[in-house]
**Student:** 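Have a look at this one before I ask anything.
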Amino acid sequence: VYLNLSNFYSPKLSSISSIFNNCDKLEILDLSNFITYPINNMDYFFSDFSNLKYLDISYFITKSVYSMKYMFNNCINLRTLILSNINTSSVKSMAGLFNNCLSLSSLNLSSFDTKSVISMEGMFNNCLNLSSLDLSNFNTISVNSMKNMFNNCLNLRTLIISNLITSSVKTMDSMFKGCSNLVSLDLSSFDTHAVQYMQYMFKNCSSLISLDLSNFITNSVSLMYELFSNCNNLVYLNISNFITSKVKIMMGMFKGCWK
């Protein structure tokens with residue numbers, strides 16, 4: 001199924017939220033002349049394009065867009081996504097942006113400007129085939145939620161997040177849950193003084209061998225249940241500076257940490 005909107009003229013559009021939602025038979029989409037400069041909301045724009053394999057939106061003008069929630073949600077067969085010139089400087093929410101993009105093996109986000117983003121919750125959730133991800137250019141100074149951010153990225157082997165600023169983050173629960181192929185993780189730059197929720201944060205990170213969290217400030221954390229659950233190859237864990245005076249639940253915190 002092919003949809004050609006090359007002559008689609010819409011200069012007064014301000015929102016295209018869910019415009020193509022559930023177009024699950026569509027395989028080819030031509031938006032080359034689609035006017036996007038007045039648009040400020042792209043939530044669920046390509047959601048449930050389950051047969052789409054290739055998408056190039058590098059020509060989109062997105063400087064006015066403030067929300068991209070679940071923009072590519074459930075694009076389960078999408079293998080190539082070109083975002084090279086996307087302007088994200090005004091975007092406040094990237095929650096679920098690539099949620100359930102099962103077939104994406106790589107993503108180039110080097111052009112992303114994330115200084116205004118408040119939520120990255122579930123941003124890469126269930127991206128099963130992503131093998132590497134470089135977020136070294138991300139400015140996350142305003143982000144308050146990283147819940148489920150990399151949850152269930154089963155094939156992720158390289159994750160570069162050493163420049164992430166986490167001083168405003170309040171929730172990190174399930175952040176790396178299910179990243180079962182990650183062997184190492186450098187979180188030495190993380191500032192966790194505002195974090196309240198860490199449950200399931202490293203659950204099922206079954207390939208992690210060592211984890212140094214000596215820089216973690218946990219004074220505000222109330223939930224730590226199953227924090228390291230099923231990290232069954234972990235032989236070194238430094239949590240020497242953990243303060244747990246406010247923690248209410250630690251159930252299963254080290255469950256399945258056999259080594």
Side-chain angles (χ1 to χ4, degrees), residues 93-96 99 114 117-126 133 135-136 138-154 156-259:
S93 180
M94 290 186 175
N99 181 60
T114 60
V117 178
I118 295 172
S119 178
M120 290 187 173
E121 184 171 317
M123 188 173 177
F124 305 98
N125 183 59
N126 220 35
L133 196 55
L135 305 184
S136 56
F138 271 33
N139 180 346
T140 55
I141 195 165
S142 300
V143 176
N144 61 33
S145 179
M146 291 184 173
K147 177 181 179 179
N148 292 323
M149 190 170 174
F150 308 103
N151 181 53
N152 217 32
C153 290
L154 298 180
L156 198 60
R157 289 168 170 79
T158 304
L159 180 60
I160 303 173
I161 52 174
S162 54
N163 292 328
L164 289 192
I165 300 170
T166 61
S167 54
S168 298
V169 178
K170 293 182 179 180
T171 176
M172 289 184 174
D173 60 280
S174 304
M175 187 174 178
F176 305 102
K177 181 186 173 187
C179 291
S180 55
N181 273 296
L182 271 182
V183 175
S184 62
L185 197 53
D186 180 5
L187 304 180
S188 57
S189 66
F190 270 36
D191 177 351
T192 60
H193 80 273
V195 177
Q196 298 173 15
Y197 308 109
M198 285 186 175
Q199 66 269 30
Y200 303 123
M201 188 173 175
F202 304 100
K203 182 177 182 177
N204 294 335
C205 288
S206 52
S207 295
L208 269 183
I209 296 170
S210 67
L211 191 58
D212 185 353
L213 305 181
S214 56
N215 58 299
F216 270 36
I217 300 169
T218 59
N219 304 52
S220 301
V221 178
S222 62
L223 297 176
M224 285 187 174
Y225 54 86
E226 298 205 38
L227 179 56
F228 306 104
S229 177
N230 295 330
C231 290
N232 46 35
N233 275 301
L234 200 61
V235 295
Y236 174 80
L237 177 62
N238 189 339
I239 52 172
S240 55
N241 292 316
F242 267 36
I243 296 173
T244 58
S245 55
K246 290 188 178 179
V247 178
K248 296 177 181 178
I249 305 176
M250 284 186 179
M251 181 178 62
M253 188 170 172
F254 303 101
K255 183 179 73 175
C257 294
W258 304 326
K259 297 185 178 181

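What you see is a predicted model, and the numbers here were worked out from it, not measured in a lab.
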**Student:** Is T192 reaching over with its side chain to a backbone N or O of I217, donor-acceptor style, under 3.5 angstrom?
**Tutor:**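 Pair found, side chain donor or acceptor close to backbone of I217.
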**Student:** Looking at CG of N219 and OG1 of T244, how far apart are the two atoms once the value is rounded to the nearest 0.5 Å?
**Tutor:**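 Answer for the CG-OG1 pair, N219 versus T244, is 10.0 Å.
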**Student:** With distance as the sole test, does N181 use its side chain to make a donor-acceptor pair with the main-chain N or O of L154 at under 3.5 Å?
**Tutor:**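 Yes, because the side chain of N181 sits within donor-acceptor range (under 3.5 Å) of the backbone of L154.
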**Student:** Search all heavy atoms of G252 against all heavy atoms of S229 and return the closest pair with its distance.
**Tutor:**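 Closest heavy-atom pair between G252 and S229: O-CB, 3.8 Å.
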**Student:** Taking atom CE of M251 as the centre, report whether more than 12 heavy atoms of other residues, nucleotides or ligands fall under 6.0 Å from it.
**Tutor:**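 Count not over threshold, so no.
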**Student:** For the residue pair I165 and N139, establish whether any side-chain heavy-atom pair is separated by less than 4.5 Å.
**Tutor:**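 Heavy-atom side-chain distance check passes, below 4.5 Å.
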**Student:** Measuring from atom SG of C231 to atom CE of M201, what distance do you get when rounded to the nearest 0.5 angstrom?
**Tutor:**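 Here the rounded value is 11.0 Å.
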**Student:** Hey, does M123 have a side-chain heavy atom less than 4.5 Å from the side chain of V143?
**Tutor:**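 With C-beta onward as the side chain, the pair stays apart.
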**Student:** Side chains of F228 and L208: does their closest heavy-atom pair fall under 4.5 Å?
**Tutor:**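 A side-chain contact under 4.5 Å is absent here.
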**Student:** Is a side-chain N or O of S207 found less than 3.5 angstrom from the main chain of S180, in a donor-acceptor match?
**Tutor:**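 Yes, the answer is positive, given that a donor and an acceptor are paired below the 3.5 Å cut-off.
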**Student:** I'd like to know if the side chain of N204 and the backbone of K177 have a donor-acceptor N/O pair within less than 3.5 Å.
**Tutor:**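 A pair under 3.5 Å: no.
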**Student:** Is a donor on one side and an acceptor on the other found under 3.5 Å between the side chain of N151 and the backbone of G122?
**Tutor:**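 Not confirmed, N151 side chain does not pair with G122 backbone.
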**Student:** Hey, is the main chain of K246 close enough, under 3.5 Å, to the side chain of S222 for a donor-acceptor pair?
**Tutor:**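 Here the side-chain-to-backbone pair does not exist.
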**Student:** CZ/F242 to CE/M224 distance, rounded to the nearest 0.5 angstrom?
**Tutor:**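 Going from the CZ atom of F242 to the CE atom of M224 covers 4.5 Å.
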**Student:** Between N233 (side chain) and S206 (backbone), is there a donor-acceptor pair under 3.5 Å?
**Tutor:**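 Yes; at least one donor-acceptor contact below 3.5 Å.
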**Student:** Can you see which heavy atom on N215 is nearest to which on F190, and at what distance?
**Tutor:**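 Scanning both residues completely, I find the closest heavy atoms to be ND2-O, 3.0 Å.
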**Student:** Among I243, I239, L213, exactly one meets side-chain contact (heavy atoms from CB on, under 4.5 Å) together with T218. Which residue is that?
**Tutor:**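 Answer after filtering I243, I239, L213: I243.
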**Student:** Short question: side chain of S168, backbone of N144 - any donor-acceptor pair under 3.5 Å?
**Tutor:**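 No, because the side chain of S168 does not come within donor-acceptor range (under 3.5 Å) of the backbone of N144.
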**Student:** Has S142 got a side-chain atom pairing as donor or acceptor with V117's backbone, closer than 3.5 angstrom?
**Tutor:**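 No, because the side chain of S142 does not come within donor-acceptor range (under 3.5 Å) of the backbone of V117.
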**Student:** What residue among F150, Y200, F124 forms ring-ring contact (aromatic ring centres under 6.0 Å, His included) with F176?
**Tutor:**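 One option only clears the test, and that one is F150.
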**Student:** Could you tell me whether the side chain of I161 reaches within less than 4.5 Å of the side chain of L133, counting heavy atoms only?
**Tutor:**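 Counting from C-beta outward, L133 and I161 never come under 4.5 Å.
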**Student:** If you define the side chain from C-beta out and look only at heavy atoms, does anything of F138 sit under 4.5 Å from L164?
**Tutor:**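 Contact flag for F138/L164 side chains = yes.
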**Student:** What distance separates L227 CG from Q199 CD, expressed to the nearest 0.5 Å?
**Tutor:**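 Reported value, rounded in 0.5 Å steps: 9.0 Å.
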**Student:** With respect to D186, which candidate in S189, S184, S188 satisfies the side-chain hydrogen bond (donor to acceptor under 3.5 Å, both in side chains) definition?
**Tutor:**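 One option only clears the test, and that one is S188.
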**Student:** Return the CG to SG distance between N126 and C153, rounded to the nearest 0.5 Å.
**Tutor:**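 One gets 8.0 Å once the value is rounded to the nearest 0.5 Å.
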**Student:** Kindly indicate whether the side chain of L237, heavy atoms from C-beta on, has any atom under 4.5 Å from the side chain of F202.
**Tutor:**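 Not touching, per the 4.5 Å side-chain cut-off.
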**Student:** How many angstroms lie between CG in L182 and CZ in R157, if you round to the nearest 0.5 Å?
**Tutor:**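 Between L182 CG and R157 CZ, I get 9.5 Å after rounding to 0.5 Å.
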**Student:** Keeping S220 on the side-chain end and V195 on the backbone end, is there a donor-acceptor pair under 3.5 Å?
**Tutor:**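 Flag not set: sc S220 to bb V195 has no pair under 3.5 Å.
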